[in-house]
2 protein chains.
Amino acid sequence: MFNESDKSYPIELVAEFLGVNSRTLYYYERFNLVVPMRRGRKRYYSREDISWLEYVRELMYDQGMNLRSIIVLIKRRDGVILTRCPQDVVNSFKNYLMKMDDVF
Amino acid sequence: MFNESDKSYPIELVAEFLGVNSRTLYYYERFNLVVPMRRGRKRYYSREDISWLEYVRELMYDQGMNLRSIIVLIKRRDGVILTRCPQDVVNSFKNYLMKMDDVF
DNA sequence: ACTATATTTTCACTTAAAGTGAAAAATATT
DNA sequence: AATATTTTTCACTTTAAGTGAAAATATAGT
């Protein structure tokens, strides 16, 4: 029923792994850049969430992209992005063709 | 031999048309985001340059993208970008697969 | 060559997004 | 109730983007 890839991790552990402050992960969440699963109010990050966040860090730190640009690419259903981006994140922007008054 | 679309315009006129400071256009040029033609040391912007700059402004102002992200997309030969981006600008990034120590 | 004018470049400053530290608030646990 | 954990808020720092003003460079006219 469940396997290794269903494992999930609390925010502090994920932040430490990524080398960022946990506040940064809360910050990303305000933009729907990551949608961790909740048990109660506590957040749990899946392996997919974590590897997506690693990629986001690479885009931002190594390539110099900003957060808004990543969101633009998700909305655009950019091919490179889609292969890495969790479905929940993509879905969080699914209505953008209809309502233009979203996160921006 | 020549037609309307070969017309070119000096920087102050272009800046005024776009609603930006001419210093902004010099700034973009440092990143090869635009490559105006030169006659002597004076810059002349083609119609294509100008409509490209309009698009850049839209990406940055309306969509919130940053300059570096636009460069990433040019390097990636992003389809949406390529239809708008002058060949000279694309060419200015043509070696990026070889040398990784470029503008960043 | 000299003066006036236009364009470019440099320096220093402003603004806003991204990120973070610390404390307060909320929720859970013993 | 007291303690511990997680989340949220507030205020601050840092850096890219953009700009104002002056200095430097080039061009044209006399």
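Below, chains carry the letters A, B, ... as their sequence lines are ordered, and counting in each starts from 1.
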J.: Between A/V34 and A/Y61, is there a shared hydrophobic cluster once you connect ILVMFWY residues whose side-chain heavy atoms come closer than 4.5 Å?
T.: yes
J.: Within residues 34-43 of chain A, which residues have any heavy atom lying less than 4.0 Å from an atom of DNA chain D?
T.: A/R41, A/K42, A/R43
J.: Looking at CZ of A/R57 and CH2 of A/W52, how far apart are the two atoms once the value is rounded to the nearest 0.5 Å?
T.: 13.0 Å
J.: Taking for each residue the nucleotide of DNA chain D bearing the nearest heavy atom, is the 5' side occupied by B/N66 or by B/N21?
T.: B/N66
J.: At a heavy-atom distance below 4.0 Å, which nucleotide of DNA chain C is the first touched by chain A, and which is the last?
T.: C/dA18 to C/dT27
J.: Salt bridge between B/R76 and A/D78, side-chain N to carboxylate O under 4.0 Å?
T.: yes
J.: Salt bridge or not for A/R38 and A/E29, using N-O below 4.0 Å?
T.: yes
J.: Once you round it to whole Å, what is the distance between P of D/dT15 and CZ of B/R68?
T.: 13 Å
J.: Starting from P on D/dA16, measure out to CG on B/L33 and report it in whole angstrom.
T.: 16 Å
J.: To the closest 0.5 Å, what do you measure between CD (A/Q63) and CD (A/E58)?
T.: 6.0 Å
J.: Side-chain donor-acceptor contacts of residues 15-27 of chain B below 3.5 Å, not counting sequence neighbours, with atom names and distances?
T.:
unit_1 : atom_1 : unit_2 : atom_2 : d
B/N21  : OD1    : B/R23  : N      : 2.8
B/S22  : OG     : B/E12  : OE2    : 3.2
B/T24  : OG1    : B/N21  : O      : 3.4

J.: Using heavy-atom distances to pick each residue's nearest nucleotide on DNA chain C, tell me which of B/I11 and A/R23 is more 5'.
T.: B/I11
J.: Figure out the CE/C1' separation between B/M65 and D/dA16, and round it to whole Å.
T.: 15 Å
J.: So, applying side-chain contact (heavy atoms from CB on, under 4.5 Å) with B/Y55, which one of B/I70, B/I50, B/V80 is it?
T.: B/V80
J.: For the pair made of OH in A/Y45 and C1' in D/dT6, what is the distance, rounded to whole Å?
T.: 11 Å
J.: Where do A/M65 and A/L73 land on the side-chain contact (heavy atoms from CB on, under 4.5 Å) test, with the steps shown first?
T.: CA-CA 11 Å; A/M65 290 184 69; A/L73 293 183; 3.7 Å; yes
J.: May I ask you to evaluate whether B/R57 reaches the phosphate of D/dG18, defined as a side-chain N or O under 4.0 Å from OP1 or OP2?
T.: yes
